[in-house]
Number of protein chains: 2
Amino acid sequence: MLKGHLDAIVLAALEAGPAHGYAIIEAIKRNSTNTFDLAEGTVYPALHRLEAAGLLSSAWMTPPGGRRRRLYSLTKAGSTALSDRRKAWGRFSQAVDALLGGGHAWPA
Amino acid sequence: MLKGHLDAIVLAALEAGPAHGYAIIEAIKRNSTNTFDLAEGTVYPALHRLEAAGLLSSAWMTPPGGRRRRLYSLTKAGSTALSDRRKAWGRFSQAVDALLGGGHAWPA
DNA sequence: TTCCATACTTAGCCTTACTAGGTATGGACG
DNA sequence: CGTCCATACCTAGTAAGGCTAAGTATGGAA
């Protein structure tokens, strides 16, 4: 369903500040008005992949009277990557718009 | 690179009228200002798949003094599918925009 | 006659993300 | 106290998607 843009979305979700996996899933769902209701099996492996790539770092956190969570943060490389991904998305969506629009500009 | 939107793009390319594979590739390249310079190995299998799904029909054509070409046309089901794909793309790109925008509207 | 652009085809692979299962804990409710 | 639910995390296996890379063939130009 996401096909190639998951990384950008996850990185963007962490731009506002560190967060844990479950919260990221809910933020993505909320901010996309339910368009992206991602399975945990989609997001967790992505987080692991992004961390392995050095774009995220993580640390265990246990809030008082709360449960153990893994907090993810954007690394410097992650910020750079996000910026690149944003540009790539801009080019991509513009090109698809141009191709699908085909002259008769589909409704705004 | 295209990730899930190839079909929409190919169908859209045929909306203006029948065309053959090679011409479709060039039209996509041109109309996306070189953003999508698709390999033949990307487009031809897509055409076969879309035809097998009943969204396209094809016929061999040999223009006078020219080479044998397979002309593809949108079927009725293809038109319907294209319309659906356009709506799906609209929802998808809007949601990604919302997630990547993150308040500070990335440069136009 | 050699080379290039056109034109079509396909097997195999790699990345990506989804399915489907599992583990564990805190809080609510009876 | 026991049960259930929401939270929170993890992973093996698989399917889908599209790209790589290779092959075939012909018309026209050099």
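Protein chains get the first letters and strands the later ones, always in sequence-line order, with residue 1 at the start of each.
Side-chain atoms of A/Thr75 come within 3.5 Å of backbone N or O of A/Gly54 as a donor-acceptor pair.
Taking every heavy atom of residues 4-14 of chain A and every atom of DNA chain D, no pair lies under 4.0 Å. DNA chain D lies under 4.0 Å from at least one heavy atom of each of the following residues of residues 29-51 of chain B: B/Ala39, B/Gly41, B/Thr42, B/Arg49.
At least one test fails for A/Arg69 against the ring of A/Trp60: distance under 6.0 Å to the centre or angle within 45° of the axis.
Taking atom CZ on A/Arg68 and atom P on C/dA24, their separation rounds to 11 Å, with Å as the unit. The nearest whole Å value for the distance from the CZ atom in A/Arg70 to the C1' atom in C/dT23 is 15 Å. The separation between B/Lys3 atom NZ and C/dA17 atom P is 7 Å, rounded to whole Å. Counting to the nearest Å, the C1' atom of C/dC8 and the CD1 atom of B/Ile25 are 9 Å from each other. The separation between B/Glu26 atom CD and C/dC8 atom P is 11 Å, rounded to whole Å. Here D/dC9 presents its C1' atom at 10 Å from NE2 of A/His20, a figure rounded to the nearest Å.
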Between the protein and nucleotides 25-30 of chain D, list the N/O to N/O atom pairs that are separated by less than 3.5 angstrom.
{"unit_1": "D/dT26", "atom_1": "O2", "unit_2": "B/Arg67", "atom_2": "NH1", "d": "3.2"}

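Side-chain contact of A/Ser58 with A/Arg70: a donor-acceptor pair under 3.5 Å is present, judged by distance alone.
When the side chain to side chain contact (heavy atoms under 4.5 Å, CB included) test is applied to A/Asp84, the partners found at least two apart in sequence or on another chain are A/Thr80, A/Lys87. With sequence neighbours excluded, no residue forms a ring-ring contact (aromatic ring centres under 6.0 Å, His included) with A/Tyr72.
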Handout entry: side-chain contact (heavy atoms from CB on, under 4.5 Å) between B/Asp7 and B/Arg85, intermediate numbers included
Key = CA-CA 8 Å; B/Asp7 291 2; B/Arg85 301 295 193 128; 3.3 Å; yes

Handout entry: Evaluation steps, side-chain contact (heavy atoms from CB on, under 4.5 Å), between B/Asp37 and B/Ile28
Key = CA-CA 7 Å; B/Asp37 190 1; B/Ile28 290 174; over 6 Å; no

Exercise for the section: Show your reasoning for whether side-chain contact (heavy atoms from CB on, under 4.5 Å) applies to B/Trp89 and A/Asp97. Expected result: CA-CA 9 Å; B/Trp89 165 252; A/Asp97 279 343; 2.8 Å; yes

Handout entry: Full working for side-chain contact (heavy atoms from CB on, under 4.5 Å) between A/Leu56 and A/Leu11
Key = CA-CA 8 Å; A/Leu56 300 181; A/Leu11 292 172; 3.9 Å; yes

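Counting side-chain heavy-atom gaps under 4.5 Å among Ile, Leu, Val, Met, Phe, Trp and Tyr, the cluster of B/Leu71 also holds B/Met61.
A perpendicular orientation is assigned to the rings of B/Phe36 and A/Phe92, their planes being inclined by more than 60° (bins at 30° and 60°).
For A/Arg69, the side-chain atoms get nearest to D/dA8 when compared with the rest of D/dA8, C/dT9, C/dA7.
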